[in-house]
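Count residues from 1 along the sequence.
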Amino acid sequence: MLLARDTDLVALTLAEWLPDTIAALGLRTFPIPLDLAPLDLGMAWHPRNSADPAHRWFRDHLASAVLAPS
């Protein structure tokens with residue numbers, strides 16, 4: 001979003017994702033005039049990191065930020 005703010009580029013994002021940030025950056029939103037299929041997001045990591053507490057904390061926080069932004 002910072003790149004979109006400082007250039008003439010366009011950024012695609014969910015309509016209801018981070019509305020306070022969008023407003024604070026002075027950006028505006030509008031619907032995409034195309035029918036787009038839903039996009040599946042996922043995470044992948046090396047198996048040796050599965051039991052690492054710091055890595056698990058990071059994954060949990062990243063997932064919660066993407067799935068339910070405040």
Side-chain angles (χ1 to χ4, degrees):
M1 284 194 244
L2 293 173
L3 183 61
R5 179 193 68 183
D6 295 334
T7 67
D8 60 352
L9 298 175
V10 174
L12 299 178
T13 186
L14 300 173
E16 56 279 336
W17 195 59
L18 300 174
D20 295 336
T21 303
I22 291 169
L25 292 174
L27 298 173
R28 62 185 180 97
T29 61
F30 52 90
I32 299 171
L34 303 169
D35 289 328
L36 299 175
L39 178 65
D40 291 327
L41 297 176
M43 289 190 286
W45 55 89
H46 194 279
R48 72 173 168 244
N49 293 321
S50 291
D52 181 270
H55 200 273
R56 179 173 289 139
W57 175 89
F58 178 72
R59 293 190 313 261
D60 290 345
H61 280 76
L62 182 61
S64 67
V66 171
L67 296 175
S70 54

| query | Can you name the residues that form a side chain to side chain contact (heavy atoms under 4.5 Å, CB included) with Leu12, not counting sequence neighbours? | reply |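 Ile32.
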| query | With a cutoff of under 4.5 Å between side-chain heavy atoms, which Ile, Leu, Val, Met, Phe, Trp and Tyr residues group with Leu9? | reply |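 When side chains under 4.5 Å apart are linked, the cluster holding Leu9 also contains Leu3.
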| message | Hydrophobic clusters here meaning ILVMFWY residues chained together by side-chain heavy-atom distances under 4.5 Å, can you tell me if Val66 and Leu39 are in one? | response |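 Yes, Val66 and Leu39 fall within the same hydrophobic cluster.
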| Out of curiosity, Leu62 CG to Leu41 CG, how far, rounded to the nearest 0.5 Å? |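 If we round to the nearest 0.5 Å, Leu62:CG and Leu41:CG are 10.0 Å apart.
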Output all residues satisfying side chain to side chain donor-acceptor pair (under 3.5 Å) with [X], sequence neighbours left out; order by chain, then residue number.
X	answer
Thr7	none
Arg59	His55
His46	none

| message | Quick check: closest heavy atoms across Ser50 and Arg56, and the distance to 0.1 Å? | response |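 Result for this residue pair: O-NH2, 2.9 Å.
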